There are 2 protein chains.
Amino acid sequence: MASSAPERSSARQQQIVDVAGAILEAEGPDSLTMRRLASELGIKAPSLYKHFPDKSAVEIALIERGFRLWGERARQALIERGDRLTNLAVAYRSIAREHPHLYRIMTMGELDRSRIAPGLEEWSGAPIGELFADGETARAFWAFLHGMCILEIDHRFPPGANLDRAWANGLAVFRPQSTPPITTASS
Amino acid sequence: MASSAPERSSARQQQIVDVAGAILEAEGPDSLTMRRLASELGIKAPSLYKHFPDKSAVEIALIERGFRLWGERARQALIERGDRLTNLAVAYRSIAREHPHLYRIMTMGELDRSRIAPGLEEWSGAPIGELFADGETARAFWAFLHGMCILEIDHRFPPGANLDRAWANGLAVFRPQSTPPITTASS
DNA sequence: GTCTATAGTGGGATAGAC
DNA sequence: GTCTATCCCACTATAGAC
């Protein structure tokens, strides 16, 4: 598991993506238009095309940020004290709740893997693999995590549902399959 | 758990929703426009507004059909012979794979519950509740089902993943929590 | 229940000057 | 790197005749 994600873009591009992220978080993907983005930056829409070839390039940049955030937070979770399975789940849930629109654009629909930074997706997902000896059980756990997150932020659970308990119960069924942390003799 | 879902609409409305469903399945939600829908019906777009107040009413009708399909197939799964947990999972996965676009519009984003037939959503989801003594475990299982389905149809699992095994492993962790079927003395 | 005509909105994107 | 001007597109929806 590599420990850091690759990145490459100009300061101006980064600033544009910052603002795009702010619009996305505040008002959702429908509000993220080239006109609006330019307006928030104090420029006109056509000027954006000097920095990004098209709108989807901006969206891809946002998604890549999301993957970096996932990967970083998940790695923190694995080294914190306490149960690693729980820590990882809490980290994922927190990201989804804090940035629901970002979470949605990251996970919704098909993803053109040829457009995102090579290796980034795997890098961000690797921490889940660390928790299970069997890769297919790790994927089942990922499905549980994602299902809980997306159903929660979309308010799909029934009004009376106790989500903290649903999370706890789901973690409880997966926990016996999870592996303990590897500690070196010198630690 | 009630055994059938309510329904009410004219023959013409049903025909329109049939065609809308065909477009959706064939080409996805972006292709489902009022112009296109009318065109496939051999009429002009404005004529549709004699049958539905707006486009969202057509989409709601499609979503309601999806919920009825879910509820019916899930109920079949519970009375088939074999393991009920597995049967239910197979039923859900089959629907998602056979009708991926329908599955997406049913489950994507927030749902305005005031617009769908009262009780329909609960009716369609009730079979999952039948399988677990604890409601919050049932919701965790639902999250697993949905996560697996949506990640599969969106091709989010890594290329080498063995999804049949991921399903089997996930079902295996939930199975000890599931309840056996209730059989009457006369059966 | 269908039509024609059209309003109204909004979006992505390009050309070419500065 | 920014601007103005503009194109082109597509969509939802309404008004009013038949």
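Letters A, B, ... mirror the listed sequences (proteins, then strands); counts begin at 1. Everything quoted here is computed from the prediction, not taken from an experiment.
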_Assess, by modelled atom type and distance only, whether the side chains of B:Gln15 and B:Arg12 contain a donor and an acceptor separated by less than 3.5 Å._
yes

*Salt bridge between B:Arg65 and B:Asp18, side-chain N to carboxylate O under 4.0 Å?*
yes

*Counting side-chain heavy atoms from CB outward, which of D:dT12, D:dA15, D:dA5 is closest to B:Pro46?*
D:dA15

*Record whether the side chain of A:Arg35 comes under 3.5 Å of the base of C:dG12 through a donor-acceptor pair of N or O atoms.*
yes

*asked:* Rounded to whole Å, how long is the line connecting atom CG of B:Leu48 with atom C1' of D:dT12?
replied: 11 Å

*Please report, rounded to the nearest Å, how far the C1' atom of D:dA13 is from the CG atom of B:Leu37.*
15 Å

*Rounded to the nearest angstrom, tell me the gap between atom NZ in A:Lys55 and atom C1' in C:dT14.*
18 Å

*Identify whether the distance between the nearest side-chain nitrogen and carboxylate oxygen of A:Glu72 and A:Arg68 falls below 4.0 Å.*
no

*Picking from D:dT12, C:dA13, D:dT2, which would you name as closest to the side chain of A:Ile43?*
D:dT2

*Tell me: CZ of B:Phe52 to P of C:dT2, nearest whole Å?*
12 Å

_Pair B:Glu98 + B:Arg93: basic N to acidic O under 4.0 Å_ = no

*Calculate the interatomic distance between A:Tyr49 atom OH and C:dG16 atom P; express it in whole Å.*
18 Å

*asked:* I want to check a possible cation-pi pair here: A:Arg75 against A:Trp70, using under 6.0 Å from ring centre and within 45° of the ring axis as the test.
replied: no

_C:dG12 OP1/OP2 closer than 4.0 Å to side-chain N/O of A:Arg36_ = no

*Rounded to whole angstrom units, what separation is found between the CG atom of A:Asp30 and the P atom of C:dT9?*
18 Å

*Indicate, with a heavy-atom threshold strictly under 4.0 Å, whether A:Thr33 touches base, sugar-phosphate, or nothing.*
sugar-phosphate

_Can you tell me if B:Ser47 touches the phosphate of C:dG1, counting only side-chain N or O atoms and a distance under 4.0 Å to OP1 or OP2?_
no

*Toward the 5' end of DNA chain C, which comes first, B:His51 or A:Ser56, by nearest nucleotide?*
B:His51

*To the nearest 10 degrees, how far apart in direction are the end axes of the helix from C:dG1-D:dC18 to C:dC18-D:dG1, each fit to five base pairs?*
0°

*Quick one: does B:His146's side chain get under 4.5 Å of A:Ile150's, heavy atoms only?*
yes

_Between C:dG11 (P) and A:Asp54 (CG): distance, integer Å_ = 17 Å

*Report which part of the nucleic acid B:Lys50 touches: base, sugar-phosphate, or nothing (heavy-atom distance under 4.0 Å, all strands).*
base

*Residue pair B:Thr137 / A:Arg165, side-chain donor-acceptor N/O under 3.5 Å*: no

*Any side-chain N or O of B:Lys44 less than 4.0 Å from the OP1 or OP2 oxygen of C:dC3?*
no

